[in-house]
Visitor: 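Just dropping this structure here.
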Protein chains: 2
Amino acid sequence: MNIGEVADRSGVPAKTIRYYEEIGLVRPARSANGYRAFAETELHKLAFLGRARTLGFSIEECRRLLALYEDDNRESAQVKALAEEHLAEVDARIAGLQAMRETLARLVRSCHGDDRPDCPILDDLAQGG
Amino acid sequence: MNIGEVADRSGVPAKTIRYYEEIGLVRPARSANGYRAFAETELHKLAFLGRARTLGFSIEECRRLLALYEDDNRESAQVKALAEEHLAEVDARIAGLQAMRETLARLVRSCHGDDRPDCPILDDLAQGG
DNA sequence: CATAAGGGTTCCAGCAACGGGAAGCTCAAG
DNA sequence: CTTGAGCTTCCCGTTGCTGGAACCCTTATG
């Protein structure tokens with residue numbers, strides 16, 4: 001399989017696949033003409049990576065997930081721990097964004113939004129909340 | 001005022017202040033010895049920027065906010081529109097993260113987390129949800 | 001007076017995770 | 001034979017800084 005087909009079937013862009021090879025996430029063989037030659041297992045790994053990325057796992061977390069995926073002697077507890085850790089990070093980011101969101105919403109509500117210059121939003125930014 | 005004092009009083013790191021000068025957000029004068037010489041107004045602007053950044057406004061949004069802040073003929077509607085736009089972005093990001101969060105939480109719940117290799121999390125990642 | 005500490009200055013590199021685009025090779029079709 | 005699509009490598013740009021090197025300025029101290 002050439003990179004184009006793998007990109008189509010895995011949903012991971014060719015550019016990204018090359019990048020993943022560069023950082024050692026996948027190691028496709030090479031054909032005589034220099035083209036990358038992907039086996040089915042590489043395709044699966046890329047689909048796996050694509051999915052993990054959409055769930056917000058970092059590249060390094062993906063690397064560990066992939067290692068576990070390929071390790072027949074893994075313990076599911078390891079996978080679960082990794083996922084829980086990531087879940088906690090996501091929760092923290094959501095909490096941070098929601099705090100921002102509340103402040104922003106309050107500011108937006110406080111502003112008339114007319115043709116006059118007076119603006120509680122700017123006042124707040126200048127005052128520091 | 002030298003950069004260190006401005007950093008302390010505004011809460012914006014000296015490195016960041018230099019960066020903001022580089023991209024044209026602030027334009028401090030220079031003393032004879034080559035040091036940046038900040039006026040009170042620059043200090044206020046930096047505090048303003050720091051606050052806007054903690055609310056998640058991008059640098060370009062901060063630039064526009066600062067321009068409005070300094071424009072006596074502004075209309076508060078312009079500020080409000082900018083803030084509303086940003087609020088919508090934040091909401092979108094929260095929604096995206098929450099979707100991720102739900103999937104992750106479901107996966108974590110589904111995994112025993114014991115010493116055996118069977119793992120619904122890896123299965124899900126491999127299958128594509 | 002030499003020097004050491006603690007400012008300040010510039011510039012360069014790097015982070016995450018790719019995407020865009022150039023220059024050039026290969027392959028299949030007409 | 002030529003055209004066009006697909007592949008290759010390489011390098012730059014993104015966002016918003018942060019760390020570090022190498023060097024200058026100022027002040028206090030032995």
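Note that the structure is predicted; figures quoted are calculated from it, not measured. Lettering follows sequence order; numbering is per chain, from 1. All values below were derived from every heavy atom in this structure, side-chain atoms included, with hydrogens, water molecules and symmetry-related copies excluded.
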Visitor: Ignoring backbone atoms, establish whether A:Arg53 has a side-chain N or O less than 4.0 Å from OP1 or OP2 of C:dC18.
Guide: yes
Visitor: Has A:Arg93 got more than 12 heavy atoms of other residues, nucleotides or ligands less than 6.0 Å from its CZ?
Guide: no
Visitor: When you check the phosphate oxygens OP1 and OP2 of C:dT9, does a side-chain N or O of B:Arg18 lie under 4.0 Å from one of them?
Guide: yes
Visitor: Can you tell me how far P of D:dT9 sits from OH of A:Tyr19, to the nearest Å?
Guide: 16 Å
Visitor: Can you tell me if B:Gln127 has over 12 outside heavy atoms packed within less than 6.0 Å of its CD?
Guide: no
Visitor: Does D:dC7 have OP1 or OP2 under 4.0 Å away from a side-chain N or O of A:Arg36?
Guide: no
Visitor: Give the nucleotide from the list C:dA17, D:dT9, D:dC7 with an atom nearest to the side chain of A:Ser58.
Guide: C:dA17
Visitor: Output yes when at least one side-chain N/O atom of A:Tyr20 is less than 4.0 Å from OP1 or OP2 of C:dC18, else no.
Guide: yes
Visitor: With DNA chain D as reference, determine whether A:Glu5 or B:Asn33 sits nearer its 5' end, using the nearest nucleotide of each.
Guide: A:Glu5
Visitor: Determine whether B:Tyr35 and B:Leu43 fall in the same hydrophobic cluster, where Ile, Leu, Val, Met, Phe, Trp and Tyr are linked whenever their side-chain heavy atoms lie under 4.5 Å apart.
Guide: no
Visitor: Output the rounded distance in Å from CD1 (B:Ile17) to C1' (C:dG8).
Guide: 13 Å
Visitor: Rounded to the nearest Å, what distance is computed from the CD atom of residue A:Glu60 to the C1' atom of nucleotide C:dA17?
Guide: 11 Å
Visitor: Do the side chain of B:Lys15 and the base of D:dG16 come within less than 3.5 angstrom through a donor-acceptor pair of N or O atoms?
Guide: no
Visitor: Of the candidate nucleotides D:dC7, C:dG21, D:dC25, which contains the atom at the shortest distance from the side chain of A:Tyr35?
Guide: D:dC7
Visitor: Looking at B:His44 and B:Tyr69, what are the two nearest heavy atoms and their distance?
Guide: CB-OH, 4.4 Å
Visitor: Closest to the B:Ile59 side chain: C:dA17, D:dG16, D:dC25?
Guide: D:dG16
Visitor: Can you tell me how far apart OG (A:Ser76) and CG (B:Asp115) are? Round to the nearest 0.5 Å.
Guide: 7.5 Å
Visitor: For D:dT18, does OP1 or OP2 lie under 4.0 Å from any side-chain N or O of B:Thr16?
Guide: yes
Visitor: According to a strict under-4.0 Å criterion, is B:Arg30 in side-chain N/O contact with OP1 or OP2 of C:dT10?
Guide: yes
Visitor: For the pair made of CD in A:Glu89 and P in C:dA16, what is the distance, rounded to whole Å?
Guide: 13 Å
Visitor: Grab the CD1-C1' distance between B:Ile3 and D:dT26 for me, whole Å please.
Guide: 17 Å
